[in-house]
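Sequential numbering from 1 along the given sequence is applied to the chain's residues. No experiment lies behind these values; they were computed from the predicted model shown. Order of appearance sets the numbers: ligands from 1, and atoms from 1 within every ligand.
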Amino acid sequence: MRTILPPHRSSRLSKKKKPMEIFENVHLIKNHFVNLFLIVDAGYLTLIDTGISRNEKRILNYIKNLGFKPKAVNRIIITHADGDHYGSLARLQKVISAETLANQVEAEAIRTGSSSRKLNPVGIEKLLYNMVSPLVKSQPARVDQYLLHGQVFPILGGLQVINTPGHTPGHISLYSPSTRILFAGDSINVAGRKLVPSSGANTWDLHQAEQSFQIQVKLDPVIVCAGHGFWKK
Ligand SMILES: [Zn+2]
């Protein structure tokens, strides 16, 4: 397998937008209210989630500023089929030929540009949902492989797929036991210094969300990379 080495990393970094390396070879790319994560390993890049639609330029610029070409991205993992997590996937796929992976239930929603569960917001949540929904509209996108619980990617010392249903039926998280970094998508929210499970009208099943949360807390992560928060022990 050909390795694509980053040419002159430090000299090509933009002064305006400094890379946000939260751990060695793990980057946080902020997209308004959503976090995406980029893992660098042996010259290749794994992108976790893509943010809202029309975020592809921000991602591609970040990759360029790190000294990589778009083709260095060989894997895109989507934690779940909410528009603020796969909104830019279809446009990214026009530039990046990376293999795209998601849980089967989420993949079916991604392929039709929809969500894997129906939202029933009431009261203030309905107002918020109506405000946010135009931002999180997504185009249908390709998914090449289904993620399986227990599957391990050979990055970050072994990055494991964990089924974490609750927020959505096919939500997955990723955990690296050797670094104790957890990529939790929306299965965990960060409330100040506290970690809490997904809750509210956008949660498909509150009971399963709590169970998934407990499983992840027991892993005793030192860093939690959540879709809308970042937590360090
Ligand atoms: Zn979500």
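- In terms of heavy atoms, A107 sits closest to Y146 at CB-CE2, 3.5 Å.
- Looking only at atom types and distance, the side chain of S173 has a donor-acceptor partner in the side chain of T164 under 3.5 Å away.
- Here the closest non-hydrogen pair linking I110 and A102 is CD1-CB, 4.0 Å.
- When the Zn ion (ligand 1) is compared with the N/O/S atoms of D82, atom OD2 turns out nearest.
- Between the side chain of N35 and the main chain of A226, a donor-acceptor pair closer than 3.5 Å is present.
- For a distance bound of 2.8 Å, the N, O or S atoms of H167 include one lying that close to the Zn ion (ligand 1).
- At a cut-off of 2.8 Å, H171 does not coordinate the Zn ion (ligand 1) through any N, O or S atom.
- Taking the N/O/S atoms of D186 in turn, the shortest distance to the Zn ion (ligand 1) belongs to OD2.
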